[in-house]
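The structure displayed is predicted, hence computed values, not measured ones. Each ligand, and each atom within it, is numbered from 1 in the order the structure gives.
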Amino acid sequence: MAAVISSCTLNVSFRCATRMGYAARRVATNHGRSFSSATSDLKPSYEYILAEKNGSAGLITLNRPKALNALCDGLLDDVIHASRAFDKDDSVGAIVITGSKKAFAAGADIKEMSSRDYMQCYINNQFESWGDVAKINKPTIAAISGYALGGGCELAMMCDIMIASESAKFGQPEITLGVIPGCGGTQRLIRAIGKAKAMEMVLSGNMIDAHQAERDGLVCRVVPDDNLMEEALKLANKISSFSRPAVAMAKETVNSAYELNLAEGLRFERRIFHSMFSMEDQKEGMKAFIEKRPAEWKHK
Ligand code: CAA
């Protein structure tokens with residue numbers, strides 16, 4: 001896996017940018033002007049995942065096939081480490097997380113957690129760190145084939161976009177184990193597909209197939225199994241071709257709708273929009289349109 005060197009310079013001069021992870025990391029290091037780290041922080045190899053670059057996309061493949069990618073703590077540590085490394089790497093514009101044909105992930109590792117007691121779960125704040133996947137600043141795309149169950153469905157829902165192949169199956173089967181979803185399933189599912197459908201899945205453990213997931217609004221589209229990676233990587237590379245700060249601000253603003261009421265959300269969106277007129281990329285993007293040529297993004 002090649003460590004790609006980038007000399008992208010970021011100069012974030014507007015106040016709102018300090019609220020944004022993408023810009024804030026650099027603001028914190030050098031008062032609004034900084035130079036990106038040139039090399040990737042990826043480990044040479046991971047125990048439970050494969051991590052590589054595909055063009056301008058970071059690709060994370062869950063790699064525990066015998067256990068259907070059951071999410072043990074070590075696997076999530078690997079996913080979060082690689083996601084953060086791609087987040088810091090300025091040659092990467094978006095991250096794709098995928099599994100195998102049979103399973104994106106069949107949930108949290110039941111064998112690993114079955115004998116834990118309450119105090120262990122509480123003191124270690126079980127699953128709290130898994131939520132770091134949702135804190136990655138760059139867009140994340142879950143490319144799902146086969147089972148996405150329990151924590152697997154929850155991991156996919158932490159991503160910004162979910163693309164399913166025809167074979168994908170989604171479910172929150174925790175009720176069949178005598179527990180409930182513990183990594184966002186009761187909260188993100190209801191926001192994605194509404195109370196009635198979320199309740200049926202959580203209370204019955206019933207799975208839905210890829211087409212139902214598309215109809216319900218859980219995934220953005222369904223593609224043939226053989227095209228899944230091509231489509232996911234094409235989308236990631238397309239997103240990567242735009243102004244990085246503009247993409248980061250778009251992601252942050254859409255996600256703010258989870259937290260804010262409509263009036264606050266609209267105000268936040270407008271303020272972010274205003275702040276973008278301090279960016280060279282806004283000037284370049286609009287100038288390029290008027291001059292009928294492709295934009296040359298400066299990422300600042
Ligand atoms: N944890 C640990 N091991 C798992 C696993 C899981 N979640 N899912 C599958 N495996 C293991 C199986 O134990 C089996 O291992 P062995 O060969 O050593 O017996 C191997 O993966 C293959 O699984 P199956 O033989 O069961 O494969 P199948 O094709 O017959 O069935 C399946 C596939 C329907 C996905 C079935 O494996 C299954 O129901 N898995 C559990 C799904 C589940 O309940 N997930 C929720 C977990 S709890 C959770 O995620 C909590 C949370 O909110 C974070």
Item to check | Carboxylate-amine/guanidinium contact Asp281 Arg244, below 4.0 Å | outcome: no

Next on the checklist: Any salt bridge linking Lys135 with Asp132? Criterion: basic side-chain nitrogen under 4.0 Å from a carboxylate oxygen.
Outcome noted: yes

With sequence neighbours excluded, give me every salt bridge (charged side-chain N to carboxylate O under 4.0 Å, His left out) pair touching [range].
range	result
residues 57-78	Arg64-Asp109, Asp73-Arg116
residues 144-155	none
residues 257-269	none

Checklist outcome for this item: Protein neighbours of ligand 1 with a heavy atom under 4.0 Å, given by chain and number, are Lys66, Ala67, Leu68, Ala70, Lys102, Ala106, Gly107, Ala108, Asp109, Ile110, Lys111, Met113, Phe127, Tyr147, Leu149, Gly150, Gly151, Glu154, Pro173, Glu174, Leu177, Pro181, Gly182, Cys183

Checklist entry - Heavy-atom count around Lys283 NZ within 6.0 Å, excluding the residue itself: above 12? => result yes

